[in-house]
Amino acid sequence: MPGDLDEGKCKIHGKPVEMLSEDNWFFKLSAFVPQLLEHYKNNPQACEPASARNEVIAFLESGVRDLSISRSTFDWGIPVPWDTDQVIYVWFDALLNYATAVGLGDDPNSEGGKKFAATWPADVHLVGKDILRFHAVIWPAMLMAANVAIPKKVFAHGWLLVGGEKMSKSKLTGIAPSDITEHFGVDAFRYYFLRAIPFGTDGSFSWEDMSARYTSELANDFGNLASRLIAMIEKYCDGKIPAVATDAGLSKLLAETVENADKAMVALDFQGGINSIMDFCKRVNGYVTEKEPWAIAKDETRTAELNEVLYNTADSIRALAVLLHPVMPATTQTLWESLGAQETLGDISAQKISDVATWGVLPAGCKVTKGAVLFPRLE
RNA sequence: GGCGGGAUAGCUCAGCUUGGUAGAGCAAACGGCUCAUAAUCGUUGUGUCGCCGGUUCAAAUCCGGCUUCCGCUACCA
């Protein structure tokens, strides 16, 4: 726009601009402003986080103009059916894909039509904050125009920053994911970005922070807990999970953990969800230290007590493995097999979150095996 | 320029709506323990709460001003 120019030149590229004009087809976006405003004001959860919703509302209230949705100066694109000199503006048909890909427009009795009926409207659109407007204003307006239900929620996530700046290839501040996964592994990568960066705001990545969390949370808290349990089961129980036992404190805390974590995950608060799970992990480490099974093991008259402590620890770790499986599929699978749970409980991916808090799931007699260290310490 | 958000322990951040001697995690120091990946458990310290002023018995919190960082300010996707 003329007001955005710096002495007639583009502010970003510093190049002179050329004014062009062409005739296009327009979408009457302005007609849907009242409906959209009402929707977002009545349903705050329809656009999150709040900062994104505020921007959308501010935009809608600032005076929305109709949208040019065709182009005539090039021919790559889908021709406008009634005007073949024009092609559809790329965002217009790109957005349409969300619905057509699951069957919008197909015969209601066809496979596509049935899929559309079963899946639409989407529960949530996850988008980057830079394309929020397309998904929170233009797309729902298009659906309203077509009399199709709009997605229940649009959630705009933030950017990854490095040294305070958005990762950028042109500024050479980008870090290839492979650089990180080669060093820390894919599971730690997934864990870090879900755990350390609040979803919905920009967040900073640094090798220092990633290393600190890897060592403290994954290697020390989680990996080492599994390591100490398996070593004791092998040493004190002949490698077999002892009889099912219960600890009121642990089972109560697990129930609270599952409830909080599930609630947070559903609300897309991945950081909060993982945080709850890791708090439970810490408590289990504390439980082991307080119970001192290595001391109990020295007294042959206290075998029953020893078995209880080890069982409670093992079942806690069983729950941790299931809870963290969506975040770290490979590592928790390894742990699952180490616990001997694969043979007795089946695939870890088949375990239900709704059953995780049920105590005493891990059967007695599971043969544990000491595998490779889950998260080896790194330099 | 307009609108919006942030500035709190070495680091990442919570607290501010409903004023009452400043919190968590990590890092650090010290102690315990030895099943474990020099691990784990416990204890401890840490702050001109961005700056200036106001209201108040009392301000990180309320009000005014300022500094500074960031986002949005539409049709490149």
Side-chain angles (χ1 to χ4, degrees), chain A residues 1 3-4 10 12-13 17 22 24-27 29-30 49-71 77 88-95 128-134 136-138 156 158-159 161 164-166 195-198 200-206 208-237 271-272 275 278-279 281-298 306 309-310 313 370-378:
Chain A
M1 300 296 284
D4 295 328
C10 167
I12 297 169
H13 303 93
V17 300
E22 60 176 310
N24 297 130
W25 291 96
F26 277 68
F27 171 55
L29 184 61
S30 58
S51 55
R53 180 172 62 253
N54 291 340
E55 284 183 7
V56 167
I57 290 175
F59 170 70
L60 287 168
E61 288 179 333
S62 71
V64 173
R65 297 195 294 271
D66 293 334
L67 185 71
S68 165
I69 57 160
S70 71
R71 296 291 183 273
I88 303 284
Y89 168 51
V90 63
W91 260 109
F92 201 81
D93 61 57
L95 289 166
K129 67 179 186 180
D130 49 339
I131 51 174
L132 174 65
R133 181 169 302 165
F134 290 99
V137 176
I138 298 173
W159 290 332
L161 309 178
E165 284 195 67
K166 183 187 178 188
R195 165 72 183 84
I197 314 282
T201 64
D202 292 350
S204 294
F205 168 84
S206 73
E208 292 76 14
D209 189 47
M210 170 117 202
S211 288
R213 287 188 190 279
Y214 176 91
T215 301
S216 170
E217 299 173 17
L218 293 179
N220 295 353
D221 290 344
F222 184 48
N224 183 57
L225 173 62
S227 182
R228 59 198 306 212
L229 181 266
I230 288 170
M232 285 189 284
I233 296 281
E234 290 197 327
K235 189 177 289 189
Y236 305 136
C237 305
Q271 182 181 51
N275 207 10
M278 294 309 282
D279 281 347
C281 180
K282 288 186 173 195
R283 180 81 277 282
V284 179
N285 262 319
Y287 172 83
V288 174
T289 302
E290 286 157 19
K291 294 293 183 182
E292 300 185 311
W294 53 90
I296 301 175
K298 289 173 182 165
L306 172 66
V309 172
L310 294 182
T313 305
K370 189 170 191 169
V373 168
L374 295 178
F375 298 99
R377 293 181 68 85
L378 300 171

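Computed from a predicted structure; not experimentally measured. Every chain is numbered from 1, with letters handed out A, B, ... down the list of sequences.
- When all heavy atoms of A:Asn220 and A:Asn285 are compared, the closest pair comes out as O-ND2, 4.3 Å.
- Rounded to whole Å, the C1' atom of B:G45 lies 44 Å from the corresponding atom of B:C3.
- Within the 4.0 angstrom heavy-atom criterion, base atoms lie near A:Phe375.
- Taking all atoms of both residues into account, the shortest heavy-atom contact from A:Val288 to A:Pro293 is O-CD, 3.2 Å.
- Pairing of B:G25, defined by two Watson-Crick or G-U wobble distances under 3.5 Å, is identified with B:C11.
- Residue A:Asn54 is classed as having no contact, given no heavy-atom separation below 4.0 Å to the nucleic acid.
- The shortest heavy-atom contact between A:Ser30 and A:Val64 is CB-O, 3.5 Å.
- Between A:Tyr214 and A:Phe375, the ring planes lie perpendicular to each other; the angle is over 60°, past the 30° to 60° tilted range.
- One can place CD of A:Glu217 at 8 Å from P of B:C26, the figure rounded to the nearest angstrom.
- Nucleotide B:G42 forms a Watson-Crick or G-U wobble pair with B:C30, both donor-acceptor distances falling under 3.5 Å.
- Taking both residues in full, the closest heavy atoms of A:Arg283 and A:Glu290 are given as NH2-OE2, 2.8 Å, listed atom of the first, atom of the second, then distance.
- The residue A:Val373 sits close to a base: some heavy atom pair falls under 4.0 Å.
- Residue-level contact check: A:Tyr236 touches the backbone only, with heavy atoms under 4.0 Å from sugar-phosphate atoms and none from bases.
- Here, B:U18 and B:C75 have their P atoms 40 Å apart, quoted to the whole Å.
- Comparing B:G15 with B:G23, their P atoms sit 15 Å apart, to the nearest whole Å.
- No engagement by A:Gly128 is indicated, since no non-hydrogen atom pair under 4.0 Å with the nucleic acid exists.
- Among the protein residues, A:Ala219 comes within range of the nucleic acid bases, having at least one heavy atom under 4.0 Å from a base atom.
- Using a 4.0 Å heavy-atom distance criterion, A:Gly223 is classed as a base contact.
- Between B:A22 and B:U48, the two C1' atoms lie 14 Å apart (nearest whole Å).
- Note on A:Asp221: only backbone sugar-phosphate atoms sit closer than 4.0 angstrom, heavy atoms only; bases stay farther off.
- If A:Leu67 and A:Arg213 are placed on RNA chain B by their nearest nucleotide, the residue sitting closer to the 5' end is A:Arg213.
- Using a 4.0 Å heavy-atom criterion, one finds that A:Val64 contacts the bases of the nucleic acid, with or without backbone contacts as well.
- Heavy atoms of A:Arg71 sit under 4.0 angstrom from primed sugar atoms or phosphate atoms, though from no base atom.
- Across the interface with RNA chain B, nearest-nucleotide mapping of A:Phe26 and A:Val288 shows A:Val288 to be the residue nearer the 5′ end.
- Annotation: B:G2 and B:U17 have their C1' atoms spaced 26 Å apart (nearest Å).
- B:G54 and B:G10: their C1' atoms are spaced 34 Å apart (whole Å).
- When both pairing distances are held under 3.5 Å, B:C72 makes a Watson-Crick or G-U pair with B:G2.
- A:Lys291 comes within 4.0 angstrom of nothing in the nucleic acid, heavy atoms only.
- Residue A:Ser51 is classed as having no contact, given no heavy-atom separation below 4.0 Å to the nucleic acid.
- Across the strands present, B:C66 finds its partner in B:G50; the criterion is a Watson-Crick or G-U wobble pair with both atom distances under 3.5 angstrom.
- B:G47 and B:A24 have their C1' atoms separated by 15 Å, with the value rounded to a whole Å.
- Base pairing analysis places B:U55 opposite nothing; no Watson-Crick or G-U wobble pair with both distances below 3.5 Å involves it.
- Put simply, the side chain of A:Ile138 does not reach to within 4.5 Å of the side chain of A:Trp91, judged on heavy atoms.
- Scanning both residues, A:Phe92 and A:Ile69, for their nearest heavy atoms gives CD1-CG2, 3.5 Å.
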